[in-house]
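Computation of the quantities below employed the complete heavy-atom set of this structure, encompassing side-chain atoms and omitting hydrogens, waters and symmetry-equivalent molecules.
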Amino acid sequence: MGMRWRLRGTCMRMLHFILLAMGAGANRRSLPERPSHSLSAHWKMIGREMGMTSVNSSTLRKIKGLEEQAHDLTVAINSTSISVRCNERIIYERHGTPVSRSKPGGVHSGVHVLALRRYDGRLMMAQQYLTYQPAEHQRLVHMLKGLQPGRIVIVAGVPEWILFLSKAAEDALVNLGCRWVTKATPGETWACIGITGVGVVAEGISTLGQHFYPSSTLLLKAQVTRNGREDGKCLWYDVATLQRQASFCESYEGYGDLCSCETPFFPGTRKTQPVISVSEKIPIVVVTANKPLHLYRILRQLYEVPGSSQTDFLVVVDGAHEETLHLTDVLQVKKTLIHAPEGVRNARTNANIKFALGSVFITYPSASKAIILEDDLLVSPDILR
């Protein structure tokens, strides 16, 4: 009670001063004169009574100015979900069912990697790697090595995520600047925020208790300063004939040498492949959907095999996925068809392949055979021979 009345008395003194100040405009002479230094001391006394501390206004303006030049990032992980916010806006979410020691893997489990454009915070890539299953770590390593310098990278491990995380994957994350990844144990959540080529801004881990699994909620917050739009641009971005590729690389991430500044891969490589002896022309159809990183991998392989320049390529996309269509344009695929999705799960995949089979012989009426490839395959160097 004593505290309540004390606070109320302070509020009454503040109200009294405000009323006096309001009356000053109408009848300034009615106010009792008090030296300015005395008034300042009066308010300092009130501030001390209320537990307040003084703030330098110029320092406060500098802090606010720095905050406006930075991105506010938040990573939240619990037993059933992960969410990432950039400047108070949700940019990524995954939900699943609670995991346990007997069932450690959920649809939201694994390693999640996000890449953001530093000058405006635009999400360029969001990938999930099911590292509680064998071989997923290989895709994770390949992607981390292909990230371009200057990107904001958010990496999060959601239980279970280290069951099949290899030493190579750990090393790739350590090279990014994340150090606690090597200390985590099964059931613990972990997150790391950094800038490629610069280092880590923030890292956090939620450790296991003695009687519960997985670990408790992890909340990691950080501020990352913005940079200029021109920062991170490759020299070849200004080449007139490469503007489509440059635009793609400024919008999306994870494509490795397609966007490399030092050793870029150009679609024109296909035209330089050795010519082989063929008795007939057999077109290749690649069926895909919303997996542009897979599509790039297989098309890049096909562009480097002997006979590539002599072969017609058709890409069939299950749905109008912007990034996938943008990629086929950059890779100069002459024929790309969009299939309106039919059915769900396996039925949808089958319908897309059926559409591809019908379309290839309509697109290339002189062909009597065709090669059908799904986007997640790895092709042999002598596939066309």
Under the disulfide bond (SG atoms under 2.5 Å apart) test, residues paired with C86 that sit two or more places apart: none

Does any pair with a residue in residues 343-369 pass salt bridge (charged side-chain N to carboxylate O under 4.0 Å, His left out), and if so which ones, sequence neighbours excluded? E280-K369, D318-R348

Qualifying salt bridge (charged side-chain N to carboxylate O under 4.0 Å, His left out) pairs with a residue from residues 319-335, counting only residues at least two apart or across chains: R244-D329

Could you state the interatomic distance from [atom1] ([X]) to [atom2] ([Y]), rounded to the nearest 0.5 Å?
X: D72; Y: K221; atom1: CG; atom2: NZ; value: 8.5 Å
X: L373; Y: L302; atom1: CG; atom2: CG; value: 6.5 Å
X: R85; Y: E88; atom1: CZ; atom2: CD; value: 6.5 Å

side-chain contact (heavy atoms from CB on, under 4.5 Å) against V198, all qualifying residues, sequence neighbours excluded: I195

Report yes if some heavy atom in the side chain of L242 is under 4.5 Å from a heavy atom in the side chain of Q245; otherwise report no. yes

Side-chain heavy-atom pair L331, L258 within 4.5 angstrom cut-off: yes

Is it the case that one hydrophobic cluster holds both [X] and [Y], taking links as side-chain heavy atoms less than 4.5 Å apart, direct or via other members?
X: L147; Y: I91; result: no
X: I77; Y: I90; result: no
X: L173; Y: L114; result: no
X: V99; Y: Y132; result: no
X: I82; Y: L73; result: yes

Going by salt bridge (Lys or Arg N to Asp or Glu O under 4.0 Å), name the residues that satisfy it together with [X], two or more places apart in sequence or in a different chain.
X: D376; value: none
X: R179; value: none
X: K271; value: none
X: R139; value: E136

Less than 3.5 Å apart, any donor N or O on the side chain of [X] or [Y] sitting next to an acceptor on the other?
X: Y296; Y: D375; answer: no
X: N346; Y: T349; answer: no
X: R300; Y: T269; answer: no
X: W190; Y: E203; answer: yes

When you look at S308 and F313, which way does the side-chain contact (heavy atoms from CB on, under 4.5 Å) test go after all the steps? CA-CA 9 Å; S308 180; F313 291 96; 3.9 Å; yes

Heavy atoms of other groups near H142 NE2, more than 12 under 6.0 Å: no

Show which side-chain atoms of residues 121-130 pair as donor or acceptor with protein atoms under 3.5 Å away, not counting sequence neighbours.
| residue | atom | partner | partner atom | Å |
| --- | --- | --- | --- | --- |
| R122 | NH1 | S251 | O | 2.5 |
| Q128 | NE2 | V107 | O | 2.8 |
| Q128 | NE2 | S109 | O | 2.8 |

With sequence neighbours left out, the residues meeting side-chain hydrogen bond (donor to acceptor under 3.5 Å, both in side chains) with D120 are R117

Listed partners of T207 passing side-chain hydrogen bond (donor to acceptor under 3.5 Å, both in side chains), at least two apart: none

Donor-acceptor contacts under 3.5 Å from residues 150-167 side chains, at least two apart:
| residue | atom | partner | partner atom | Å |
| --- | --- | --- | --- | --- |
| R151 | NE | E253 | OE1 | 2.7 |
| R151 | NH2 | C249 | O | 3.1 |
| E160 | OE1 | G187 | N | 3.0 |
| E160 | OE1 | Y213 | OH | 3.0 |
| E160 | OE2 | I162 | N | 3.2 |
| W161 | NE1 | E188 | O | 2.7 |
| S166 | OG | H137 | ND1 | 2.9 |
| S166 | OG | A168 | N | 3.4 |
| S166 | OG | A169 | N | 3.2 |
| K167 | NZ | D171 | OD1 | 2.9 |
| K167 | NZ | D171 | OD2 | 3.1 |

Is the Y303 ring parallel, tilted or perpendicular to the F265 ring (thresholds 30°, 60°)? tilted

Might you work through the disulfide (SG to SG under 2.5 Å) test for C259 and C234, ending with a clear yes or no? CA-CA 8 Å; C259 301; C234 301; over 6 Å; no

Can the ring centres of F248 and Y255 be said to be less than 6.0 Å apart? yes

